[in-house]
Each structure stands twice: as structure tokens, then as C-alpha cells.
Amino acid sequence: MNKKNSRTILRGQTLSFSRSPFEGDAAGSIDHCEDGAVLIEDGRIIAVGTAAEILKQGKDASVVNHGDGLIMAGFVDPHIHYPQVEIIGSHSPGLVEWLNQHTFPCETKYDDADISRQAAEFFLDQCLANGVTSASVYCTVHPHSVTQFFEAASQRNLCMAAGKVCMDRNAPTELNDSAQSAYDDSKALIERWHGKGRNRYAITPRFALSSSPEQLEALGALWKEHPDVLMQTHLSETQDEIAQVLAAFPGHKSYYEIYESFGLSGPGAIFGHCIHLSDHERKAMSDSGGAIAHCPTSNAFIGSGHFDLAATRRAGPKTPIALASDIGAGTSFSPFATMRAAFEAARHHGNGLHPAEAFWMATCGGAKAMRLDDRIGNLTPGMDADLIVLDLKSTLLIARRVEQANDIHDVLFAQMIMGDERAVKATYVAGSRCRM
Ligand code: GUN
Ligand code: ZN
């Protein structure tokens, strides 16, 4: 491709964040331009501004006019299980039963590399159709499930983090690894995949209940040897789970402190759920630098409880909080469904959720959790051009509501309450439009 063709301008409305909506008034964090444009070169964002400015700057570029479509960063989902696509909406009384009745039997099938590959392809296409351009992904205990995933992600040039699930107890024998094999296999996968192209590795102890102290210790040691990889796990999801975890780790002060004591906390740690943390745990996490993946559709489906965003922020103000689907306990790939459920969880605690907060947590927040906020998650010069274009009138009902809207916040709020996959008109990965 010659220089001329590698420069593209996307014209439309543009949306970006000048700062976190949680630092100051939420509305003031949004930069919105009604007739804006983005200049892209070699997969990177070069400039964002008014259409007039950008067309002048990029005279040699080809122009794609998205009309009144809203150009923004692709969504980032920092907690999702690719093998669980086929068990979405499988009912059980609670988390541990759901794992035993649906999740483990499903993940057992990933022993077959063909099943892994087909599921990874299907999963990534679902992500793209929903405007999710990056994610932090749980694979299965089988190392080839990671290889199949990264191969499929690389073919699509996606920026994805993923890891082999590690578990050596409280699971069917065929899904158990050991402390040593979890260490060896994860290490080999880090060496093979981390930093190769756009791939990132995440050390993945499933949760404290399915890992022995020896396994957590081995994975803590591995993370120390490779501090630039991520670490992802589940934390404080249901009351029943917490009781079982504390019984399995006698002598520990709290669920969070268990991970902390094995070196599995700090920058680069992504903790899924965190619904029932004490203020002490929230503060400890905030002081050490891990992030929370708030998974509200999953929490509603499993009956885990309602994450209290305001209380979590009060006790742990420095912790980045991102929105995640947690497919397949989560019920939708669509970040609109996740934002809607996050609003409802906030409502449960007597609070609201500003659309700037919701959209930030679904983009910049996820990028921050993945320690990639200098690369993805916002419409900022220098970042990778992983972008989506939203149709803000994707259904007759939304169009009718949007016609009454007072400002962009009102428009975004309507999207998060009523939107779905149909709103995603186009998805660009590193500047190239995906076929969907
Ligand atoms: N806790 C341990 N494993 C899982 C899982 O796969 N999904 C959810 N939601 N919680 C878990
Ligand atoms: Zn999960």
C-alpha cells in the first residue's frame, strides 16, 4: 500500500474523553463534535478535530463519510470467557452449582483443538459485531485453547489479552492441572504469545476456590518473573463462594488478602466482580493498584448481588473500575446491555450512572484495567485506530427518543438504556474496516 492510500479520514460525529468522568463533573469529561473527523495513518490515529480542520490536514487521504454516525473508540471488555459462548442463559441456583452443572462440562469439551478454534472464531466475530475491539479473556485449562484463541485474534489483528485457566482442585479431574503444570504451561504461553503482535498474556488462576495454596504461590512467582503480563481472577462474587473460600484458606483475613499474600495483587491485576468487598479490602486494592471488572449482567443472572459503585469508589478511590460482560454467566456481548445493567445496579443502591461514566468504564476504564490506556480505549492522537461507528437512531424507538434529546448526554443515555448490537454500524481494527 502506498503512502497516499494508507491515510484515511473518517468523518462523522466524534466522541472522546479529555479525562475520567469520575475526576470532576461527569458531563465535562466528554469531547463531542457534531461535524468531526479522525485522520488515520498506518493503523494509528494521527489527528481528531472538526471535519474542516482534518480535511485540510489530510488533503491526500481517502475520506469515508459516516454522516451523523458517532465515531468513538471500540469497546473494551476486560472480563469474558470465550469457551462459555454456548452456555449463556443456562440456569442454576447459584454460582458454584452453575460452575458444576454447566461451565465445567462445557469447558471439558475444549480438550478438542477444533472445538477451541471454532469457538474462538465465533467469539471474536461476536465481539466485533458488538463493537468490542479488545478484551481480557479466560480460555480453558488446556494450553491449546490459548493458542487457538491467539491465532484467531492475530488473524483479525486484534489487541487481546488471554490466559490459560489454572485450577487444581474443586473441578472435575479432567479439568485439573497442578501447581507445577500451571506454572510451566503458563510460562511457555507467555514466552510464545505475550507481546507477539498485539497479543497480551494474562496469568489466570480461575479463583481461590479452584486453586491450591501451592498453585497460587507458583503463579505469584511466575508473575514476579513476568511483571508486564496481566493477572486476572474472580473475587468476592457470591456470599456462598466467599464462605467456601475462607474455609479453604484458614488463617487468612479476607478473600482479597488471600490473593495479596500470594503476590497476586497490584498493577496489572484485574479482579472480576468484587461485589461483597469490605471497605478494608477496597482500600487495600486501591493502595496496591489492581483494577475491578464490574460485570452487572452476570451478577443479575447468577443472583450474586449488586455491585455498589459509589461505595467501592469511596473506600477505594484509586481503583480503576471497568465494565465487563463476563460471558457466559453474563447474558450479552453488547456493552449497551452491560451499561444498562450497571445503571440498574447503581439504581439498586439509590444512585444513578451518568452516561459519561458508563461509556468511560466501557472503553477507557477497560483499557486502564488492561494497562493499555496509552494505546486503546479513546479517540486520541497516537492511539491505535480501533474504532466503532454508532448509529444513534438504530431503532424506531431510539430514533423517537433521540429526536427529543436535549444534548449529547441525553443521546448517549438513550443508547445505553435501549441500544444493542444494531447500533454498531462499523468496526475498525487498527484502521481497517472489518467485514461483518
Ligand atoms: N468464578 C469462578 N469461575 C467462574 C466463571 O467461569 N464465571 C463466573 N461468573 N464466576 C466464576
Ligand atoms: Zn468470569
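In this text, all values refer to a predicted model and were calculated from it rather than measured experimentally. Counting starts at 1 for both ligands and their atoms, in listed order.
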When you compare ligand 1 with Arg206, is there at least one nitrogen or oxygen pair between them that comes in under 3.5 angstrom? yes

Tell me which part of Ile302 gets within contact of ligand 1: side chain, backbone, both or neither, using heavy atoms under 4.0 Å. neither

Applying side-chain contact (heavy atoms from CB on, under 4.5 Å), name anything that partners Ala329, two or more places apart in sequence or on another chain. Trp98, Ser298, Ile302, Asp326

So which protein heavy atom does atom 10 (N) of ligand 1 come closest to, and at what separation? Glu237 OE1, 2.7 Å

More than 12 heavy atoms of other residues, nucleotides or ligands under 6.0 Å from CZ of Arg400: is that the case? no

Hey, is the main chain of Ser236 close enough, under 3.5 Å, to the side chain of Tyr256 for a donor-acceptor pair? no

Just by modelled atom types, is the Glu97 backbone N or O under 3.5 Å from a matching donor or acceptor in the Asn100 side chain? no

Proximal atoms of ligand 1 relative to Ala329 (non-hydrogen, under 4.0 Å): 9 (N)

Validation row, ring centre Phe343 to ring centre Phe413 under 6.0 Å: yes

Looking at His273, His276, His294, which one forms a ring pair (Phe, Tyr, Trp, His ring centres under 6.0 Å) with Phe307? His294

Ignoring waters, how many N, O or S atoms from the protein are under 2.8 Å from the Zn ion (ligand 2)? 4

Got a donor-acceptor contact below 3.5 angstrom from the Ser286 side chain to the Lys318 backbone? yes

Looking only at heavy atoms, is any part of Asp326 under 4.0 Å from ligand 1, and if so is it the side chain, the backbone, or both, or is it neither? side chain

Can you sort out which atoms of ligand 1 are near Leu99, meaning under 4.0 Å from one of its heavy atoms? 2 (C), 3 (N), 4 (C), 5 (C), 6 (O)

Check contact between His273 and ligand 1, using heavy atoms of the residue and a distance below 4.0 angstrom. yes

Could you list the residues that satisfy side-chain contact (heavy atoms from CB on, under 4.5 Å) with His280, not counting sequence neighbours? Ser278

By number and element, which atoms of ligand 1 are closer than 4.0 Å to a non-hydrogen atom of Gln84? 6 (O)

Within reach of ligand 1, part of Trp98 (heavy-atom separation under 4.0 Å): side chain

Using atom types as modelled, flag every donor-acceptor pair under 3.5 Å from a side chain in residues 257-270 to any protein atom, sequence neighbours excluded.
residue: Glu257; atom: OE1; partner: His252; partner atom: ND1; Å: 3.0
residue: Glu257; atom: OE1; partner: Lys253; partner atom: N; Å: 3.0
residue: Tyr259; atom: OH; partner: Ala208; partner atom: N; Å: 3.0
residue: Tyr259; atom: OH; partner: Thr233; partner atom: OG1; Å: 3.2
residue: Tyr259; atom: OH; partner: His234; partner atom: O; Å: 2.6
residue: Ser261; atom: OG; partner: Glu257; partner atom: O; Å: 3.4
residue: Ser261; atom: OG; partner: Ile258; partner atom: O; Å: 2.7

At a 4.0 Å threshold, what atoms of ligand 1 neighbour a non-hydrogen atom of Leu95? 8 (C), 10 (N), 11 (C)

When the ring planes of Phe22 and Trp360 are compared, do they come out parallel, tilted or perpendicular, using 30° and 60° as the limits? perpendicular

Is it true that Glu217 and Lys224 have a side-chain N and a carboxylate O under 4.0 angstrom from each other? no

Heavy-atom pairs closer than 4.0 Å: do any link ligand 1 to the side chain of His81, the backbone, both, or neither? side chain

